[in-house]
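Reading through the C-alpha cells given below for one structure.
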Amino acid sequence: MVDNPNNIEIKPGDFEPLDKAAGPDNEKIAAPSLTFGQDVWRRLKSNKTAFTSFIVLILLFLMAFGGQALYHQNPNDQEPKYANLPPKIPGVGIHGLNGHINQSGADVDAYKQAGAGSNVHYILGTDYLGRDLLARIMYGTRVSLEIALIATLIDLTIGVGFGILSGWMGGRVDMFMQRIIEILSSIPSLVVMVLMATAFQKTGMASIIAALALINWTTMARLTRAQTLQLKNQDFILAARTLGESAPKIAWKHLLPNLSSVIIIQTMFTIPNAIFFEAFLSYIGIGISSPQASLGTLISDGQKNFQFLPYQMWYPAIVLIVLMLAFNLLGDGMRDAFDPKSKR
Amino acid sequence: MRKYLLKRIFYLFLTLFIVATATFFLMKLMPGTPLQNEAKLTASEKASILAQYGLDKPVWLQYFIYIGGIFKGSLGLSFQFSDQAVSYLIGSRMGPSMQLGGQAMVVGVIFGIILGAVGAIRKDTWADRLATILSILGIAVPSFVLAILLQYYLGLKLGWFPVAGWEGFAYTILPTLALAASPLAETARFIRTDMVDVLSSDYIELAKAKGLSKFGIVYHHALRNSLIPMVTLIGPLAAALMTGSMVVENIFSVPGIGEQFVKSILVNDYPTIMGVTIFYSALLCLLLLLTDIVYGIIDPRIRLSGNGD
Amino acid sequence: MENPENVIEVRNLQIDFHTYAGEVKAIRDVSFDLRKGETLAIVGESGSGKSVTTRSLMGLLAPNAVIKGGSIMFHDEDIIKKSEKDMQHIRGKDIAMIFQDPMTSLDPTMRIGLQIAEPLMKHKGLKKKEAVAQALEMLKLVGITNPEGRINDYPYQFSGGMRQRIVIAIALVCYPEVLIADEPTTALDVTIQAQILDLMKDLQNRIDTSIIFITHDLGVVAGMADRVAVMYAGKIVEYGTVDEIFFNPQHPYTWGLLNSMPTLDTEGGSLSAIPGTPPDLLDPPVGDAFAARSDYAMKIDTEQEPPFFKVSDTHYAATWLLHPDAPKVTPPAEIVRRQKKFAAMEKPEPPIKHVTKE
C-alpha cells in the first residue's frame, strides 16, 4: 500500500496503454520446471540418508562383483595349517587387526604360532578350514546378492503381470485371481520356503531362488492390482481405449510408466527381504551348501567359534546388516522421493 | 456379516486343504523312510515298520488316509521319534512357543507403538531420526544374529540372564528380546507412516481448530485412528514370529515347535515337517480371520460395509 | 483497535513460505477489518492467498510459513505475538473455523456427539455428560433430524450435507465471535449448498457472530456477504459492499471475475475467461500483479504498484485506472450493464473522487 499517494511520481507516458505483444508474458512460470524424474532425483539427493545408502550399495556391489579382480585369493582354497587365524593387516598395530589373539589371558601372535612367515597375512583372518575370510565374504555377498536379485526379478515379473492382468480384467477373473493371492498369502512364507528348499534339496541356488520367488510375488501383485484399478478409470487410459489402442499396448505404454514408482519402491523392499530369507535358510542349513558360501552360511559357520574368534561371525554379519540397512533406507528415501505429497 | 463369515471360514478350510495336499505330494517326492539303521533290518522287519506308517499302501490311498486323519486331529507318526504322534509332539511343544511368541508380541507392539508415535509426532527431528534408525535396525539385524549377540554378550559375558534352556521366567527374557525386535520394528514403521498420514488429515486440522492441545490431539484423535489399522498387522507379525522362533528357539535351546521344526528338517522327518507346516498355516489363517472380524468390529468406517473386500 | 466496531483488524500482513525453490511471497501486505456481526467475503482464485490469510488468524499456518510483518489485532491483542498455548484458548472458543471438505474433516472413529462436545470440555471446562447434552442442543440447532437418535452415530453414517452441518455445530458450539468458513460449500451439491448457506445466515443472527467467508465462487457471495474483498496474487485489489463490488467494480481483475460468472440475466453475452495464469509468487512482478493478464494494462502498471483509490467511503480499489490522469476506459459490456444498474439503484451516484484512502 502506498502511504502517501501525493508522493506518487507520474512520468509522462505512464498512462499509455501497454503493448500486449511486448508486455510481460502472462503465462510465465517462474519456478524452475522439472520433469518427474529430475524431481525424484533432486529429492533423493537432498535426502542424505538415502543418498549415502545408495553410495554404500554401489560400493558393496563393486566389492561383491568386482572385488576379485583386485583381491586374488580364491575363496575355496583351504590351508588347514592356517585355520582360524585372526585378521592381520601389515603395519597395523591395533589389537584385533594385528594377528594377535588372547589365549587364556595372554596375548599371542597367532600367525607365529601357526608357523606362518611374515609375508602371510589375512586382512579379515581365516575360517576353520583356513580359507581367506575376506575372499569368502566377497564371494558370499555376491551369491547372496545374485540370489536376491534373480528372485526379485522373477517375482517382479510374475507379480506385476498378475497384478495388471487382475486389475485390468476385473470381474470374475479378478475375483478368482484375488482368491489365489489370498490363499497363498495366508500360508506362512517361511513354511513355503522351507518346504521348497527341503523338497529340492541339493539343487542349491535354484531351489532357493524358486522358493523366494514363489512367496514374494503376492505383495507386488496386490500393489500393482490396486494401482491398476485406480489408473484404469483415469481419463488418459480411457482416451487410449477410445482411440482403439490394444490392451497390451496400453499396458505397456500407459500403465507401466505410471506403475513404475510403486514397483520400484516395492522392489527396494523385496530385495532385502530376499536377502534375509536366503541368509535365514542358509543359516538353518537348508540353503546354500559348502563349498558355496552365502552371508547366511558364513554367519552360521562363524557362530560356532563366536566365543573365541568373534570376528568370524561379526564380519559377515556386518556386511549383511549394512546391506539390509542400505536397501531399507534407500527404499524409504525413494518412497518419500516418489511421493509428491512430501515435497519439501 | 454372517454370510461373509461363512465365506471366510470356507476359504480357511480351502487354504488348509491346499496346503495339506501340496505338502503331502512335495514330501512324497523326496527320498527317505522312517527306517533307521536300515542295513541291520531284515526284510520282514522293514515291511512291518513301513506298514506301521502306512507306507505300504499306494500313494493315493496314503493321501486320503492322511487328509482323513487331519479331520480327526491326527497328523501321522513322527519318523524321528518312532512311537510319537506328530500331533502329540506339537502339543507338547506348544507351551514354550506360545509363551515366547506372546511375550515377544506384547513387548514388540508396545515399544513399537511408542517408537512409531514419537517419530510421527516429532517428525524430522532428532527423536524421529533415532526412532527410525532403531526401527530399521530391528529389520536389518536378522533375528539369528541378534540372538547370538544377546546370548553371548548379555548371557555369557555379563551373566545377566541364563544363556540357554527353559527353566523359568528368567530363561524367557533373552529369547523374547531377540524375537521382539522384528515385530517392534514393523510396528514402529507402520505406526509412524500411518500417524504421519493421520496427523496431516483434515480432521486433525479441525481438532487443532477446536483449540485442543497437542497431547489432546494425539491422544484423542491421532492415536486411535492409527491404532485401528494396526490390527491388520497381527497376521504378518505372527508370521514373522514363527520365522524368528525357528532360529531363536534353536539358539536358546527352547523346547518349542520352531526348534523341533528345524531338527525335523535336518533329519528329514517328513510327517513332522508336514504336521508343523499345517499347524503353522492353520494358526496364521485363524489369526487372519480373527483380524478381519476384530477390524470390522472396531473400525466404525467399515462396520456396515464390512462384507466384501 | 482503530475502530471499536471492528472485531479483527489485519494490518500490512506479510507471509512467506519456505520452499525448495525459494521464498514464496504468499501474502503481500494485506490489510482488512472485520466488523461485529458482518459477513466479509474474501474472493479470489486458488493460490491468491485467501486461505493462508485466514489460517494466520487461527495461528494454524503450515510449519514452513513465516510471518514477515504486520499485525492481526483481536481484542486489542496481536494474535501473531501469541504463544501456541494462548492460541489454543482462542481457537474454537473465540475464533472457530469450518473447512472445505466435510467428508474428511470429521474424525471417522469418534461419535459425533463427542466431537461436538470436545470444544466445550476444553474451553468451558464442562464434564463429558454436560458437554454432550449441549452438543445435542447444537445438533438440533443445525437441523439434524432426530438428534437424540443420532448423537452417538459415527460420521460415515451421515451424508455430506449433514456432515457439514455437524462441522458447523462443532465450530459454533462455543458461540465464537468470529467464524471463518473456508469454502464451506465447495464440496457439496448445489442444492445442499443453498441449505448450508441459509443455515449459516440463520445461525449468524442467532449467535451473533462475525463471519469471514472464503470462496472462489462469486455467485455464493452475492446472497451471503455484507462486504467483499477481492484478492489477487497475495494482495487485496478491491473491496467494498456487495452491491459496490457486484455492480460498480473498478479493478480489471474484478471485472474479469464477474465476467466469467454466469448470471440468469446475462443477455446473450457469452462468458469470458481471464487469460493467462496468476503470477508466480516466488518472484512477484513489479507494479500491478494483474497487468500481465489485463486488457487495460498501462505502462505504469509495470512500474509502480497502484495505491488504493477511494471510490466511495466503503469502496476502494487498487488500480491505476482510477488515477485522474488515466485515460477513461470502457469496461467489458457486461460490466457496463451492471454499472448502469448500479447507477439506477442509488442515484445520484457520487462522482468518483480520485483520492486514495487516508
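Both backbone and side-chain heavy atoms feed into the values below; hydrogens, waters and symmetry mates do not. Below, chain A is the first sequence line, B the second, and so on; all start at residue 1.
When each of W314(A), Y283(A), F327(A) is scored by its heavy-atom pairs under 4.5 Å with chain B, the top score falls to Y283(A). By number of non-hydrogen pairs under 4.5 angstrom with chain A, the leading residue of F261(B), Y152(B), F144(B) is F144(B). Across L287(B), T193(B), L284(B), the residue that shares the most heavy-atom pairs under 4.5 angstrom with chain A is L284(B). The greatest number of non-hydrogen atom pairs below 4.5 Å with chain A, out of L137(B), T277(B), I273(B), I148(B), is found for I148(B). Highest contact tally toward chain A, considering only L149(B), V276(B), T243(B), is held by T243(B) [criterion: heavy-atom pairs under 4.5 Å].
By the neighbour-count criterion of 12 heavy atoms within 6.0 Å, atom CE of M169(A) is sparsely surrounded, having that number or fewer from other residues, nucleotides or ligands. Summarising the local packing, OH of Y153(B) is surrounded by more than 12 heavy atoms from other residues, nucleotides or ligands at distances under 6.0 Å. Within a 6.0 Å sphere centred on CZ of F25(B), heavy atoms belonging to other residues, nucleotides or ligands number more than 12.
Heavy atoms only, all atoms of each residue included: L320(A) and P142(B) are closest at CD2-CG, 3.3 Å.
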* **Chi angles and distances behind the side chain to side chain contact (heavy atoms under 4.5 Å, CB included) call for F280(A), M246(B)** => CA-CA 10 Å; F280(A) 184 91; M246(B) 292 175 62; 4.1 Å; yes

* Asked: Does the pair M313(A) and V145(B) meet the rule for a side chain to side chain contact (heavy atoms under 4.5 Å, CB included), with working shown?
  -> CA-CA 9 Å; M313(A) 187 187 94; V145(B) 173; 4.2 Å; yes

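Contact annotation for D332(A): only side-chain heavy atoms (C-beta onward) come within less than 4.5 Å of a heavy atom of chain B. When heavy atoms are compared at a cutoff of 4.5 Å, L283(B) does not approach chain A at all. Only the side chain of I251(B) has a heavy atom closer than 4.5 Å to any heavy atom of chain A. Residue R129(B) does not touch chain A at all, counting heavy-atom pairs closer than 4.5 Å. For F17(B), no part lies near chain A; criterion is any non-hydrogen pair under 4.5 Å. Only the side chain of I299(A) comes within less than 4.5 Å of a heavy atom of chain B; its backbone N, CA, C and O stay farther away.
In summary, of the residues considered (I133(B), V141(B), I136(B)), a side chain to side chain contact (heavy atoms under 4.5 Å, CB included) with L325(A) occurs for I136(B) alone.
Distance check, rounded to the nearest 0.5 Å: CD1 of I139(B) to CZ of F276(A) gives 10.5 Å. Of the inter-residue distances, the one linking I284(A) atom CD1 with I265(B) atom CD1 reads 4.5 Å to the nearest 0.5 angstrom.
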